[in-house]
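Report on the following structure.
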Amino acid sequence: MPPSSLTSLAYPTAREDALRFIGCGTPMRELVRAFRWERTPLGAIADWPVALRTAVGLVLHSAHPMFLWWGEQLTQIYNDAYVPCFGVGKHPASLGQDGRECWPEIWSIIGPQIEDVRNGGEPRWYADNLVPIRRNGRIEDVYWSYTYTPVFDEDDRVGGVLVVCTETTAQVLAERRRRTLDLLARRLPGCRSEQDVRDSVAQSTRDNPADLPRVRLLRGAQAADADADAGADSVLIRGAELHLCADLTLAFQVSPQLPLDQSYRAFLEQFTAAVCATLSRLESDRALAEAMAESERLNLDLNLSSRTKDEFLAMLGHELRNPLAPIVTALKLMKLRGDGGDTAHEQAVIQRQVDHLVRLVDDLLDVSRIASGKVELRKETVALAEVMDKAIEMASPLLEQKRHRLLVDVADVRWHGDPARLAQVVSNLLSNAARYTPAGGHVTLATRVTGDALRIQVTDDGNGIAPALLPHIFDLFVQGDRQLDRAKGGLGIGLALVRNLVRMHGGEASAYSAGEGRGSTFTITLPDVVPAPTAATAQPPSAVPLAAGEVRVLVVDDNQDAADSLSELLGALGYQATVAYDPAQAIALASGAMPEVAILDIGLPGMDGFELAGVLRTLPGGAALKLLALSGYGQENDKSRSREAGFAAHLVKPINIAELQLSLA
């Protein structure tokens, strides 16, 4: 090797030595190195004064977003951390540009602030300041926390202004939207009519016009035609998508100065859910009033009623008073706390009890319709698995509340009948099993096909049925374990509905129990099984775990009981399970040791499962992370949304063990 080559390796060139303060190895450092600064008021880099070189070195070597204006023309230099703040449109043309030319849309805001510092003013700190900028092809509302600091030149005069900034748009919008939802939640409980609800929604648009310029409630034909009338700045959230108020649609006019991202849409969905829940409550109140009027009519005939009906009326009165008592107490607490008090807990109590009243009224109405012959079956040929999934979804709240483990084994066949009524039948059996099984028990849903007959069995390891009661278990108003405190609840009509609906399909319902404390099995047999189009793929038995090896699984669910029980199940299947109860804890655990699989509850507070998935992907090792979605919603659009977000599978609560194993494989 020539001596000159050895010298060049041992010592940096004069140019490299002159550019050492800029650094290298990042996009902005390389861009600053290559830029033709001699075409700007700053001149060639070699001629830069020490103060400018020092300030530029500070900016380019900082991991925090920083920006430097220098000279009378306010020539711009910024670092890699600041580049994402531009969005699409300004960068890289902003480098070396006159600040006034770069930021005409906000110069009326920042110009006086800059000049104040340049003219000897003290550094200023601006927290969560609205500074709308043009990016991504439009003016966007952007919030910043930033400070302007003078940089002195060799003549001890202000030669430039240094900006240290953080974009806080996400935090400001989240707090503003949370406050809007809180105010709505305080107003809705006082609504007594649909017009009251509409007035509350209108007040929300006045409270927060930045996020809700306009909101319309559409029903019936209006809702059906909403798509045709929707403009580019409109978003339609249908109650059916949220499994609430199927005929209701909320049409939102969204802000043209905010991106319609996942957090914006989640806010609109939460707003819609709150409105739908209130309208459902009003409808339930009307149904309850009708039921109470019917109860009064029955009281006039008590002397002529049979002993069974007398007992039913006593049960009805008790069941209606049970939820009414906490509702009245919650309302009194809300009144005592006044307008400024936090009533979230009382509202949750009222909602749970109203939901319970709705279920009671629905069961009463179904018995009445069947007895009068007003129920007509709407038969169609459907996949049996879809019907069973719907039944599990309907029964899941009670199964989760009691922390039961549900094992599912469903044949891959099609069936001809009324899918809604079959889902109701199986849901009643699952709810009955959950109600009469001590917490942490086991419930099994299994199907078998013999010829053209379908047999569905629900088995539990709960309280069992006394031999004297077993022959009457399907009779109207008959219940097991009628203790004085009536902790099990119900009116004794669920199993009667099961038998009547099964018989309407030409089938039979039966029950078996070895005695009290020895569990029970309910079996329904139905005709009209249709063979599957292709050979069914054999599913592994639900109770047999797959070989999991050393696979680490992170479970994230804000319901601690649900998270812990799933963790225990994964442990029984051979996996190494870790639990997090909120997104922050999940991120901390994954940052310390990235798991192979993460099971994320979609409905997490603050940051939903989709957003958490995105954060986990950005962590070291997160690119290879396998994501499984966990949700109480299992419609096709829910599953499609999970697939689009990069989840390998969408698991519906309560989890089907076979599906869980296949997803983890």
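Side chains included, hydrogens not; waters and symmetry mates left out as well; all remaining heavy atoms used. On a predicted model such as this, the values are computed, not experimentally measured, just so you know.
Taking Thr523 as the reference, Arg455, Gln457, Ser510, Thr521, Thr525 meet the side chain to side chain contact (heavy atoms under 4.5 Å, CB included) condition, with sequence neighbours excluded. Considering only residues two or more places apart in sequence or on other chains, Asn432 meets the side-chain hydrogen bond (donor to acceptor under 3.5 Å, both in side chains) condition with none of them.
Side-chain atoms of Leu430 and Phe522, non-hydrogen and from C-beta on, never get closer than 4.5 Å to each other. Between Arg405 and Val443 there is no side-chain heavy-atom pair separated by less than 4.5 Å. Using a 4.5 Å heavy-atom cutoff, the side chains of Ser631 and His650 are in contact. By the 4.5 Å heavy-atom criterion applied to side chains, Leu445 and Leu407 are not counted as neighbours.
Judged by distance alone, the side chains of Thr381 and Arg414 never bring a donor and an acceptor atom under 3.5 Å apart. Donor-acceptor pairing under 3.5 Å is lacking for the side chains of Asn463 and Thr437.
To the nearest 0.5 Å, atom CD1 of residue Ile237 and atom OG1 of residue Thr272 are 5.0 Å apart. Atoms OG and CG, from Ser280 and Asp285 in turn, are 10.5 Å apart once rounded to the nearest 0.5 Å. We find the CZ-CG distance between Phe610 and Leu600 to be 10.0 Å, quoted to the nearest 0.5 Å. Atom CG of residue Leu570 and atom CD of residue Gln661 lie 10.0 Å apart, to the nearest 0.5 angstrom. In this structure, CG on Leu454 lies 4.5 Å from CD1 on Ile456, to the nearest 0.5 angstrom. In this structure, Thr444 OG1 and His404 NE2 are separated by 12.0 Å, a value rounded to the nearest 0.5 Å.
Among all heavy-atom pairs drawn from Ala586 and Leu612, the shortest one is CB-CD2, 4.1 Å. A pairwise comparison of heavy atoms in Pro419 and Glu380 identifies CG-OE2, 3.5 Å as the closest pair. Closest heavy-atom contact between Arg503 and Glu508: NE-OE1, 4.3 Å.
With salt bridges taken as basic N to acidic carboxylate O contacts below 4.0 Å, one links Arg448 and Asp409. Between Glu269 and Arg641 there is a salt bridge, since at least one side-chain N of the basic residue sits less than 4.0 Å from a carboxylate O of the acidic one. Here Arg219 pairs with Asp247 in a salt bridge; the nearest charged N to carboxylate O distance falls below 4.0 Å.
In this pair, Trp415 and His505 present their aromatic rings tilted. The plane angle is within the 30 to 60° band.
Only one option out of Asp564, Asp558, Asn559, Asp557 pairs with Tyr581 in a side-chain hydrogen bond (donor to acceptor under 3.5 Å, both in side chains); it is Asp564.
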